[in-house]
2 protein chains.
Amino acid sequence: MIGPVTKRRTDGLSKDVIVRAAAGILDEAGEAALTFRALTARLDTGYGAIYHHVANKSDLLAAATDDVIARVMTGTADGAEPREALRTVALGLFDAIDAHPWVGAQLSREPWRPALMEIYERIGGLLDALGVPERALFDAAGALVNYVLGVAGQNAANARLLTSGQGDRSAFLADVSARWASLDPDRYPFVRRAAAHLREHDDREQFLAGVDFFLAGIATLR
Amino acid sequence: MIGPVTKRRTDGLSKDVIVRAAAGILDEAGEAALTFRALTARLDTGYGAIYHHVANKSDLLAAATDDVIARVMTGTADGAEPREALRTVALGLFDAIDAHPWVGAQLSREPWRPALMEIYERIGGLLDALGVPERALFDAAGALVNYVLGVAGQNAANARLLTSGQGDRSAFLADVSARWASLDPDRYPFVRRAAAHLREHDDREQFLAGVDFFLAGIATLR
DNA sequence: ACCTGAACACCGTTCAAGT
DNA sequence: ACCTGAACACCGTTCAAGT
């Protein structure tokens, strides 16, 4: 019997290479697919080599998330008018999390890492530029960041459901809508009415509408 | 050698008993402690018995979450003026998630389950009673629920950090505050300023402040 | 310093077998 | 119908050993 020909990489490993490979697996196959076994296979290496550059799995996820967020935060909407810049940054985050749902899950799970600090800095700075008074500035930034995190978590959960359940989006929405429409109208009057709007609603637009509610509320303080 | 004396329960098992036991483990020892092995030990039974009443772990977590949320949603702030009722319901959710952080994590993870429908119904109904116009009603409810979910996720993450890191809360805040204060003032001007507020800030009050921003923004529509 | 990969200590879940 | 518990197919992580 001929022994297995395990290819081995000749160039050196680095945290950067590992993080990029992890992000690739996460994007292509979802969060459940990121295992150290899958990583060693993709990188043609062993467990120890990975652990030599990365503390553990949670470190790996955090580093990959920081990468994505940093790319969104730098350069987006520089020099624009504060209110418009806030909307642009918020939409940039929404789109990034939509494209990489694992980022949303990670932000909800470990929000004290650098990625969230970047978000907080950017949004807080723009609210300051908008003229939000000092006494409300930090509450306002906290609220807006929390809102973005909430949407991030939802998006990640929806993406997980849609990829695992292999149904397409409109079929899923139609299904939920039909279930909501058949609820007891005495117990669930609001959700029943919402059912009709659900099928035609646009997640991106609804996200922006929420940002606008915030900004309108904050504007009443001035 | 004398065989092990494994106690066996004499009364029948039920989904309710299992869900309550799971909630007990989650409250006492956190999310990582909820394993089927721990459950069989606590209930003096085997795996099959549990799987006979519960589909899988995710079903178990969802059921436990629905229980907690249903208790918060029913009876809280009935008959109060809509604006005040909204604040009361929001605070009730905040406190419940603070007491049971695993509820927050679950709401961010699987938001299409009954628990979220209850929240959506309650908050949407109150916004309707508040006089929010039809065209904005569903966006407003979506935004407010997302905000609550965001806080829920944060709270759960913080609780996980504080129990696993075994440091007390004020020491943790002082540590983060010190780290933020020592950041490069050119790159992180906002976060540096926020550091001072962090030590004395009240999570509960900041949460309510966010709700008020929303309500103020929504009020501008009328 | 950097890497290997067998081994350890766990998981959730299944299923033939019992009552 | 309800329950048992050995077994399966995985995990993340460690560590003695190699270069």
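Every chain is numbered from 1 and lettered A, B, ... according to where its sequence line falls, protein lines coming before strand lines.
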Among the candidates [options], find the nucleotide nearest to the side-chain atoms of [X].
X      : options                   : value
T35(A) : dG12(D), dG12(C), dT13(D) : dG12(D)
H53(A) : dG5(D), dC3(C), dC3(D)    : dC3(C)
N56(B) : dT4(C), dT4(D), dT13(C)   : dT13(C)
R37(B) : dC11(D), dT14(D), dA7(D)  : dA7(D)
Y47(B) : dT4(C), dT14(C), dT13(D)  : dT14(C)

Does a nitrogen or oxygen in the side chain of [X] sit under 4.0 Å from OP1 or OP2 of [N]?
X      : N       : value
H52(A) : dT4(C)  : no
T45(B) : dT4(D)  : yes
Y51(B) : dT13(C) : yes

Handout entry: First of F36(B) and S14(A) reached from the 5' end of DNA chain C, by closest nucleotide
Key = S14(A)
Exercise for the section: Over all heavy atoms of both residues, which pair between A105(B) and R160(B) is shortest? Give the atoms and the distance, please. Expected result: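 Of all heavy-atom pairs spanning A105(B) and R160(B), the closest is CB-NH1, 4.3 Å.
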Exercise for the section: In whole angstrom, give me the gap between the P atoms of dA17(D) and dC2(C). Expected result: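 Per the computed distance, 22 Å lies between those P atoms.
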Practice task
Could you run through DNA chain D and flag its stems, i.e. three or more consecutive Watson-Crick or G-U pairs with both distances under 3.5 Å?
Solution key: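 C:4-8 with D:12-16, C:12-16 with D:4-8 - these are the stems of 3 or more pairs that involve DNA chain D.
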Problem - Test item: R109(A) and L61(A) side chains (from C-beta on) under 4.5 Å apart, heavy atoms - result: yes
